[in-house]
Peer 1: 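First the structure, which I've put down as structure tokens, then a few questions once you've had a look.
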Amino acid sequence: VVSWNALLTAYAHNGYLEEAKKTFDDMPMKNSVSFKAMLSAFYQHKHLEEAKSLFDRMQNRDVVSYNAMLTAYAQNGHVEEARKIFDSMSQRDVITWTAMLAAYAHNNRLEQAKLIFDEMPDRNHVTWTVMLAAYAQSGKLEEAKLLFDEFPQQDLVSWTAMIAGYAQNGHLEEARSLFDRVSRESLDPVSCSAMISGYTQHGQLEQAVELLHELPERNLYASTSIFAHGGFMDKAREMLQESPQQNLVVWNAMLSAYTQGGCIEEAKELFTQMPRRNLITWTAMLMAYVQVGKLQQAEMFFHRMPEQDLISWSAMLAALAHKGHPASAFTVFNEMKILHMCEPSCFAGAITACSHDGEVDAGRSFFVSMRMDFGMEAS
RNA sequence: CAUAGGACGUAAGGG
């Protein structure tokens, strides 16, 4: 049973939901771990309904099952549901608390996250990292730094969170000096791309290239982004072919370097070369067309995406509103309502876009909908 | 053997 469970989990973590399901169904015998593993397989692939129904069918639900279900809701954007699970639990462990903390953190509910953090009976290094990353990503670097300094058991992940925090907010020297204090052997693709994205996002190409020469061989594939960004497309392609691993995040970073600079042709070429694509890839590409004003192409990409999430919908909505198509924007917005893909920032984007263009009537209709359909008031 | 953490896409600030 143990090895069957291990196999199931391995499938799930590598994106093979079908195989996982088949393994689960064909197992000669199952124990409670099998159910919990299958549950997490479902929600990792966004099959919330199936996760829920499996959960309901489970016989003996323990802390782990509840934790898994809590995470299932949290990772699919249902924070309130997650909270309900949390409140209903009679036993909670560190993972329960940390999962709830992460649920708030990932949905930009910093105050609630902080409350949970302060209230928790125990914290471990994962807990600290979630809180730290939450501060860092919302630009509260002092708070993040305070936490970082008090951190009991720092590891590479927490260092990366701090580095990324500095890098994203333009504090490149601080980021770099932390980065340099990590031993070269322990650097991994995530920490490297955090530093490198920091440079490329702030236009420091030379620094980026310089850093690359110092990195260990196995992190070299990250450099493709730099070469591409600097206009050395051939060199980039060469390196990509040689690279043993294919880090999708690095491809995406490279792609957005193009799109944000308005280099649509290069972006398109890169897009077709990519070994894999995810939502981030597609959305970046969509925005590339928006930026040069080709809304029809953008919409084409939008519809060709394998699936659309809140961010891609918001991007499309904002694009239409920004480029002076309030009517189409409103149509998109209505579809979003039907799909329950709506949150306050959608209104904000749409309304401000209208106000910039003097589209007062359109702005007002968003306003009305905000009140009628969501019971929200202006703030 | 199972459940929680870090890098990449949209929007918000505004001199």
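Since the model is a prediction, treat every value here as computed from it, not as a measurement. Side chains included, hydrogens not; waters and symmetry mates left out as well; all remaining heavy atoms used. Throughout, protein chains are lettered first and strands after them, A, B, ... in sequence-line order, and every chain is numbered starting at 1.
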Peer 1: Tell me whether the side-chain N/O atoms of A/His13 come closer than 4.0 Å to OP1 or OP2 in B/C1.
Peer 2: no

Peer 1: Within the structure shown, what part of the strands sits under 4.0 Å from A/Val64 by heavy-atom distance: base, sugar-phosphate, or nothing?
Peer 2: base

Peer 1: Can you identify which nucleotide, out of B/U3, B/G9, B/A12, has its nearest atom closest to the A/Asn67 side chain?
Peer 2: B/U3

Peer 1: Please report, rounded to the nearest Å, how far the C1' atom of B/A4 is from the CZ atom of A/Arg123.
Peer 2: 16 Å

Peer 1: Closer than 4.0 angstrom, basic N to acidic O: yes or no for A/Lys21 and A/Asp25?
Peer 2: no

Peer 1: Just the rounded figure in Å: distance from P of B/U3 to CG of A/Leu101.
Peer 2: 19 Å

Peer 1: Provide, to the nearest angstrom, the distance between the CD atom belonging to A/Gln291 and the P atom belonging to B/A11.
Peer 2: 9 Å

Peer 1: Just checking A/Phe301: base, sugar-phosphate only, or nothing, at a heavy-atom cut-off of under 4.0 Å?
Peer 2: nothing

Peer 1: Should the pair A/Arg92 and A/Trp97 be classed as cation-pi, given the thresholds of under 6.0 Å to the six-membered ring centre and 45° from the axis?
Peer 2: yes

Peer 1: Which residue, A/Asn108 or A/Thr127, contacts RNA chain B at a nucleotide closer to its 5' end, judged by nearest heavy atom?
Peer 2: A/Thr127

Peer 1: Looking at B/G9, I'd like to know if its phosphate oxygens (OP1 or OP2) sit under 4.0 Å from a side-chain N or O belonging to A/Tyr289.
Peer 2: no

Peer 1: Between A/Gln153 (CD) and B/G5 (P), how many Å, whole number?
Peer 2: 17 Å

Peer 1: What is the distance, to the nearest angstrom, from the CG atom on A/Asp309 to the P atom on B/U10?
Peer 2: 12 Å

Peer 1: Side chain of A/Thr283 only, please: which of B/G6, B/A4, B/G9 is the nearest?
Peer 2: B/G9

Peer 1: Which is true for A/Leu156 with a 4.0 Å heavy-atom rule: it touches a base, it touches only sugar-phosphate, or it touches nothing?
Peer 2: base

Peer 1: Figure out the CG/C1' separation between A/Leu286 and B/A11, and round it to whole Å.
Peer 2: 14 Å

Peer 1: With no hydrogens and no angle check, just 3.5 Å: does a side-chain donor-acceptor pair link A/Ser177 and A/Asp180?
Peer 2: no

Peer 1: Is the terminal nitrogen or CZ of A/Arg176 (NZ for Lys, CZ for Arg) located under 6.0 angstrom from the six-membered ring centre of A/Phe179 and within 45° of that ring's axis?
Peer 2: no

Peer 1: If you check every side-chain atom of A/Val126, which of B/C1, B/G6, B/G5 has the closest atom?
Peer 2: B/G5

Peer 1: Measure from the side-chain heavy atoms of A/Ser312 and tell me the nearest of B/G5, B/G9, B/C1.
Peer 2: B/G9

Peer 1: Between B/C1, B/G5, B/A4, spot the one nearest the side chain of A/Val130, thanks.
Peer 2: B/G5

Peer 1: Going by modelled atom types, is there a donor-acceptor pair between the base of B/A4 and the side chain of A/Asn124 at under 3.5 Å?
Peer 2: yes

Peer 1: Which part of the nucleic acid, if any, lies within reach of A/Asn278 when heavy atoms closer than 4.0 Å are counted: base, sugar-phosphate only, or nothing?
Peer 2: nothing

Peer 1: Do you see a donor-acceptor pair shorter than 3.5 Å between the side chains of A/Asp56 and A/Ser53?
Peer 2: no

Peer 1: Quick check on ring pair (Phe, Tyr, Trp, His ring centres under 6.0 Å): which of A/Tyr16, A/Tyr11, A/Phe35 does A/Phe24 satisfy it with?
Peer 2: A/Phe35

Peer 1: Please pick, from B/G9, B/A2, B/A4, the nucleotide with the shortest atom-to-atom distance to any side-chain atom of A/Thr71.
Peer 2: B/A4

Peer 1: When you measure from the side chain of A/Arg277 to the backbone N and O of A/Phe271, does any donor-acceptor pair fall under 3.5 Å?
Peer 2: yes

Peer 1: Yes or no on side-chain hydrogen bond (donor to acceptor under 3.5 Å, both in side chains) for A/Ser183 and A/Ser186, after CA distance, side-chain angles and deciding distance?
Peer 2: CA-CA 6 Å; A/Ser183 81; A/Ser186 36; 2.7 Å; yes

Peer 1: What is the distance, to the nearest angstrom, from the CE atom on A/Met287 to the C1' atom on B/C8?
Peer 2: 15 Å

Peer 1: Return the nearest nucleotide to the side chain of A/Ala315; candidates are B/U10, B/G6, B/U3.
Peer 2: B/U10

Peer 1: Checking all strands, does A/Leu279 fall into the base, sugar-phosphate, or nothing category for heavy-atom contacts under 4.0 angstrom?
Peer 2: base

Peer 1: Taking the minimum atom-to-atom distance to the side chain of A/Gln137, which one of B/A11, B/A7, B/G6 wins?
Peer 2: B/A7

Peer 1: Looking only at the side chains, is there a donor atom on one of A/Thr127 and A/Thr98 sitting less than 3.5 Å from an acceptor on the other?
Peer 2: yes

Peer 1: Could you state the CG-P distance from A/Asp62 to B/A2, rounded to the nearest angstrom?
Peer 2: 14 Å

Peer 1: Quick one, which residues of residues 72-96 of chain A touch RNA chain B with a heavy atom under 4.0 Å?
Peer 2: A/Gln75, A/Ile95

